[in-house]
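Data block below; observations after.
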Amino acid sequence: MDSFILEQIVNGIITGSMYALVAAGMTMIFGVLRAINFAHGEYYMLGTFAAWWVMSHLTSEYSLAIIGGVAIVSVIAVVIGRAVMQRLVGQPFQAGVLATLGLSLILQNVVILAFGGGYKVFSGGWIEPIELGDFGMSQQRVILVGVTVVVFVALEWMVRSTRLGRSIRAVSQNIECCQVNGIDVEQVVRKTFLIGVAIAALSGILTGPINVSIYGGMGESITLKTFAVIVMGGMGNVRGTLIAGLLLGVVESLVAGFIGLQYRDSVGFIALLLMLMLRPHGLFSSKARF
């Protein structure tokens with residue numbers, strides 16, 4: 001029983017790492033725009049499909065597919081950032097919701113039209129097994145957790161020690177004051193959006209070999225779960241997002257192991273409802289943003 005519980009916790013940390021990676025970008029975008037990016041899961045999906053396309057048509061080398069996939073999605077992010085996201089600066093909250101929901105539908109249907117609505121097999125990745133105590137897992141799962149730690153350390157350093165990071169923190173606190181003091185808010189929004197989308201795409205590429213099957217609608221559930229994560233962690237709180245993502249992954253894994261796999265997806269929505277009713281600012285105060 002002890003080994004079973006430990007295995008579920010480890011599996012939950014792996015799943016939670018994926019949630020945290022995707023949610024990191026979403027919470028950063030919320031910090032500068034005060035808008036929920038309901039298309040964020042689609043960038044996770046785009047990253048997976050971009051890497052799958054690179055491996056199917058250009059090279060079978062997975063490491064190159066990671067670079068190519070992130071690059072392709074980053075180009076898409078630059079276009080969307082200029083065409084849509086920067087225009088949401090100072091707009092009502094409802095405008096961001098409608099714009100990103102529309103983007104979600106467009107991106108999802110473009111992928112379905114381009115590659116079909118059926119499931120695709122994501123072959124490749126670092127799938128060689130390694131032994132951790134009494135059970136084994138693929139290298140891909142360990143790498144996913146390691147990358148998550150590195151990304152969050154890098155984000156923490158960036159927002160604390162770089163000019164862009166200080167600009168992000170300033171914009172997240174007071175957009176009007178930043179505009180008065182000559183900070184190019186739209187440029188900060190574009191760069192933040194690009195970073196967030198690139199991280200989501202990276203998460204999709206790293207989990208592709210774990211999920212094996214990919215399809216055009218896979219971003220919807222990711223968006224909903226990452227929304228639950230950023231509410232739990234505190235809207236705009238990057239550090240809280242990491243802890244909330246890991247916590248959600250572990251609880252989901254334990255529920256799947258002890259109650260039933262069919263109840264796993266309900267955990268995020270139950271957590272979301274409880275947080276909105278009992279602690280709407282999340283597990284961490286909104287004052288701790290960035």
Side-chain angles (χ1 to χ4, degrees), residues 20-47 50 66-91 93 95-97 99-100 103-104 107 147-148 150-205 219 223 226 229-230 233-242 288-290:
L21 268 182
V22 182
M26 180 184 278
T27 200
M28 288 180 66
I29 293 168
F30 175 83
V32 296
L33 276 180
R34 296 296 188 276
I36 301 297
N37 181 15
F38 283 105
H40 204 67
E42 310 309 331
Y43 304 115
Y44 167 92
M45 178 269 294
L46 284 175
I66 294 176
I67 299 172
V70 172
I72 291 171
V73 179
S74 295
V75 171
I76 296 172
V78 169
V79 175
I80 294 176
R82 287 187 173 275
V84 180
M85 303 307 292
Q86 72 175 23
R87 300 176 187 273
L88 297 177
V89 175
Q91 297 300 314
F93 178 82
V97 172
T100 55
L103 279 172
S104 175
L107 294 172
V147 169
T148 299
V150 171
V151 167
F152 273 88
V153 170
L155 286 177
E156 182 71 16
W157 171 81
M158 191 258 305
V159 299
R160 295 291 174 186
S161 305
T162 68
R163 182 176 181 180
L164 174 60
R166 289 190 288 271
S167 297
I168 291 173
R169 292 165 61 194
V171 172
S172 72
Q173 294 172 18
N174 194 315
I175 291 178
E176 291 78 12
C177 184
C178 291
Q179 291 172 329
V180 170
N181 283 276
I183 295 177
D184 190 340
V185 174
E186 292 184 352
Q187 184 183 69
V188 173
V189 168
R190 290 196 304 269
K191 290 181 178 180
T192 305
F193 179 70
L194 175 60
I195 293 171
V197 168
I199 295 173
L202 177 63
S203 177
I205 297 169
T223 297
T226 51
V229 168
I230 67 171
M235 305 288 274
N237 190 320
V238 175
R239 284 165 289 176
T241 297
L242 173 60
R289 183 176 294 114
F290 292 118

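Just so it is clear, the structure is predicted and the values come from calculations on it, not from any experiment.
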From [atom1] ([X]) to [atom2] ([Y]), nearest 0.5 Å:
X: R169; Y: T162; atom1: CZ; atom2: OG1; answer: 9.5 Å
X: R166; Y: S161; atom1: CZ; atom2: OG; answer: 7.5 Å
X: I230; Y: F30; atom1: CD1; atom2: CZ; answer: 7.0 Å

[X] to [Y] - nearest heavy-atom pair and separation:
X: H40; Y: A200; value: NE2-CB, 3.7 Å
X: I205; Y: G47; value: CG1-O, 3.1 Å
X: G234; Y: T27; value: O-OG1, 4.1 Å
X: T223; Y: G41; value: OG1-N, 2.9 Å

Do [X] and [Y] come close enough that some side-chain heavy atom pair is under 4.5 Å?
X: L164; Y: V159; value: no
X: R34; Y: I175; value: no
X: Q179; Y: V89; value: yes
X: T241; Y: M28; value: no

ring-ring contact (aromatic ring centres under 6.0 Å, His included) involving F38 - partner list, sequence neighbours excluded: F227
I67: partners by side-chain contact (heavy atoms from CB on, under 4.5 Å), with sequence neighbours left out: none
[X] side-chain N/O to [Y] backbone N/O, donor-acceptor pair under 3.5 Å:
X: T100; Y: I36; value: yes
X: S203; Y: I199; value: no
X: T226; Y: A23; value: no

Using the rule given for side-chain contact (heavy atoms from CB on, under 4.5 Å), can you reason through M26 versus V229, listing the C-alpha separation, both sets of side-chain angles and the distance that settles it, and then say yes or no? CA-CA 10 Å; M26 180 184 278; V229 168; over 6 Å; no
Partners of S104 by side-chain hydrogen bond (donor to acceptor under 3.5 Å, both in side chains), sequence neighbours excluded? E42
Qualifying ring-ring contact (aromatic ring centres under 6.0 Å, His included) pairs, either residue in residues 168-200, two or more places apart: Y43-F193
Pairs involving residues 155-184, ordered by first then second residue, that meet ring-ring contact (aromatic ring centres under 6.0 Å, His included) (sequence neighbours left out): none
Could you pull out all donor-acceptor pairs under 3.5 Å where a side-chain atom in residues 180-188 meets a protein atom, sequence neighbours excluded?
unit_1	atom_1	unit_2	atom_2	d
N181	ND2	C177	O	2.7
D184	OD1	E186	N	3.4
D184	OD1	Q187	N	3.1

Sequence neighbours excluded and cut-off under 3.5 Å, please list the side-chain donor-acceptor pairs for residues 68-87, or say none.
unit_1	atom_1	unit_2	atom_2	d
S74	OG	V70	O	2.7
Q86	OE1	R190	NH1	2.4
Q86	NE2	R82	O	3.4
R87	NE	A83	O	2.8

